[in-house]
Protein chains: 2
Amino acid sequence: MKMTYTIVELRDYLKRHDIKPSTIRIKVLEYLLNNRIHPTADDIYQSLINDIPTLSKTSVYNTLELFMKKGVVNALSLKEKELRYDINTYFHGHFRCEICGNVYDFPVSEKIIAVEELKGFVIRNVDINVYGICKKCNEKIKNKEEK
Amino acid sequence: MKMTYTIVELRDYLKRHDIKPSTIRIKVLEYLLNNRIHPTADDIYQSLINDIPTLSKTSVYNTLELFMKKGVVNALSLKEKELRYDINTYFHGHFRCEICGNVYDFPVSEKIIAVEELKGFVIRNVDINVYGICKKCNEKIKNKEEK
DNA sequence: ATTTAATTTTGTATTAATTTCAATTTTATT
DNA sequence: AATAAAATTGAAATTAATACAAAATTAAAT
Ligand SMILES: [Mn+2]
Ligand SMILES: [Mn+2]
Ligand SMILES: [Zn+2]
Ligand SMILES: [Zn+2]
């Protein structure tokens with residue numbers, strides 16, 4: 001794992017979002033900032049359990065719940081049983097590869113929902129979820145076919 | 001429930017989609033065509049249990065699974081615990097109201113995902129999910145505030 | 001029409017992600 | 001140091017969805 005953030009930076013990041021910086025919260029935030037793979041709660045738990053042997057899964061859920069409430073993360077509901085979490089809260093779309101399971105980001109214009117049918121509606125959140133085969137996996141398939 | 005479809009029409013609808021028309025499948029299809037509310041599996045079960053007292057929930061799940069495989073319905077994963085099902089398989093977006101829970105359809109251009117970042121990706125499915133407060137609920141809130 | 005095979009449906013048990021919540025531990029305040 | 005507040009833990013509960021074998025229904029073969 002890349003070590004890109006100092007403890008001071010992480011603490012400030014939380015404080016800026018009105019979150020008291022506990023050890024677990026700092027560790028979860030650090031993981032999210034350094035591993036931008038849209039991890040599940042279990043991904044986070046499995047990665048931190050070595051560092052914090054007493055860590056409970058409930059704490060991970062509690063932390064993510066708090067992070068969501070404070071706008072630090074967004075939850076992704078991608079037709080999987082587990083939710084994923086995204087530290088990048090800027091508006092963007094997600095592509096999930098059916099083969100490798102990776103989730104890719106891509107840019108989308110937010111004005112796609114500027115339609116007559118939604119006049120008078122209050123929009124809080126927009127999710128753009130695309131499913132298919134990613135470039136890498138697709139190229140692998142093509143190479144196999146050539147042989 | 002509106003009675004808009006004859007049994008012959010329902011049977012043909014299933015046959016056209018390569019599905020053997022059993023009693024349960026016809027009833028589930030009829031429900032989906034007449035109740036375009038993006039129902040959950042349980043919504044469907046609760047509505048049919050009066051007609052078919054021996055109906056099991058597994059049969060509803062089996063039927064929906066088959067309908068999905070054959071392209072008769074799409075599943076909607078809308079940040080709720082239960083999946084919803086949509087008989088309208090034409091490309092469109094969904095708006096879920098946080099207050100009344102209703103899910104509204106709205107048109108979207110499919111070319112929103114024609115971005116450089118997805119070149120070489122095979123796109124199988126696109127979901128546009130919007131969350132907020134619907135027009136009706138918003139007007140109710142406004143009226144209360146005025147008083 | 002009867003037997004046999006294939007399909008559909010049922011009901012029970014299982015799975016697994018998430019939630020609940022009281023007890024414990026840690027941190028802050030007096 | 002004592003007390004209060006907040007955070008964390010761990011075990012139990014929840015629940016939508018799945019697995020699967022038995023039962024029921026339907027279709028095919030004799
Ligand atoms: Mn993302
Ligand atoms: Mn719809
Ligand atoms: Zn891939
Ligand atoms: Zn509403």
Side-chain angles (χ1 to χ4, degrees), chain A residues 7 10-11 14-15 17-31 38-70 72-85 96 101 103, chain B residues 7 10-11 14-15 17-31 38-70 72-85 96 101 103:
Chain A
I7 293 148
L10 295 166
R11 293 178 69 93
L14 292 174
K15 278 181 198 163
H17 287 87
D18 189 33
I19 295 168
K20 289 186 189 169
S22 71
T23 314
I24 289 175
R25 289 167 185 170
I26 290 167
K27 286 282 182 188
V28 171
L29 177 68
E30 184 181 35
Y31 178 84
H38 312 92
T40 64
D42 192 61
D43 288 336
I44 298 168
Y45 175 77
Q46 296 301 336
S47 294
L48 298 187
I49 189 66
N50 293 319
D51 266 323
I52 317 162
T54 60
L55 183 66
S56 75
K57 233 173 204 180
T58 305
S59 294
V60 177
Y61 280 112
N62 287 343
T63 303
L64 291 169
E65 187 67 30
L66 180 67
F67 281 12
M68 280 204 285
K69 212 179 70 190
K70 298 296 189 181
V72 170
V73 294
N74 283 143
L76 308 186
S77 192
L78 292 177
K79 280 177 182 167
E80 301 169 299
K81 38 185 114 163
E82 288 172 273
L83 283 181
R84 290 167 176 268
Y85 296 88
R96 180 173 188 280
V103 175
Chain B
I7 293 146
L10 296 165
R11 293 177 69 91
L14 292 174
K15 279 181 196 162
H17 286 87
D18 190 32
I19 294 168
K20 290 186 187 169
S22 71
T23 313
I24 289 174
R25 289 167 187 170
I26 290 167
K27 287 281 184 189
V28 171
L29 177 67
E30 185 182 33
Y31 178 84
H38 311 93
T40 64
D42 193 61
D43 289 336
I44 298 168
Y45 174 78
Q46 296 301 337
S47 295
L48 298 187
I49 189 66
N50 293 319
D51 266 323
I52 317 162
T54 59
L55 182 68
S56 76
K57 231 172 203 181
T58 305
S59 293
V60 176
Y61 280 114
N62 287 343
T63 303
L64 291 168
E65 186 67 29
L66 180 66
F67 281 11
M68 279 206 284
K69 213 179 68 189
K70 298 295 190 180
V72 170
V73 294
N74 283 143
L76 308 186
S77 192
L78 293 178
K79 281 179 181 164
E80 300 170 298
K81 39 185 115 163
E82 288 172 272
L83 284 180
R84 289 167 176 266
Y85 296 88
R96 179 172 189 282
V103 175

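So that the names make sense, note that chain A is the first sequence line, chain B the second, and so on, each numbered from 1.
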Exercise. Please give, in whole Å, the distance from C:dT8 C1' to B:K20 NZ?
Worked result: 10 Å

Problem set entry | With B:K70 via side-chain hydrogen bond (donor to acceptor under 3.5 Å, both in side chains) - residues at least two apart | B:D18

Exercise. Going 5' to 3' on DNA chain D, which nucleotide is the first and which the last to come under 4.0 Å of a heavy atom in chain B?
Worked result: D:dA16 to D:dC20

Problem set entry | Contact state string [nucleotides 13-30 of chain C, B base, S sugar-phosphate only, - no protein heavy atom under 4.0 Å] | ----SBBBB---------

Exercise. Does B:L55 offer a backbone N or O that forms a donor-acceptor pair with the side chain of B:S59 under 3.5 Å?
Worked result: no

Problem set entry | Sequence-distant partners of A:Q46, side-chain hydrogen bond (donor to acceptor under 3.5 Å, both in side chains), two or more places apart | A:D42

For this session: Just jot down the side chain to side chain contact (heavy atoms under 4.5 Å, CB included) partners of A:T23, sequence neighbours excluded, or say none.
Result: none

For this session: Please name all residues satisfying side chain to side chain contact (heavy atoms under 4.5 Å, CB included) with B:A41, sequence neighbours left out, ordered by chain then number.
Result: B:V60, B:Y61, B:L64, B:Y85

Exercise. Any side-chain N or O of B:S59 under 4.0 Å from OP1/OP2 of C:dT10?
Worked result: yes

Exercise. By side chain to side chain contact (heavy atoms under 4.5 Å, CB included), which residues pair with A:E65, not counting sequence neighbours?
Worked result: A:M68

Seminar exercise, completed: Those residues at least two apart in sequence (or on a different chain) that pass side-chain hydrogen bond (donor to acceptor under 3.5 Å, both in side chains) with B:R11 are none

Exercise. Among all residues two or more places apart in sequence or in another chain, which pass the side-chain hydrogen bond (donor to acceptor under 3.5 Å, both in side chains) test with B:D43?
Worked result: B:T40

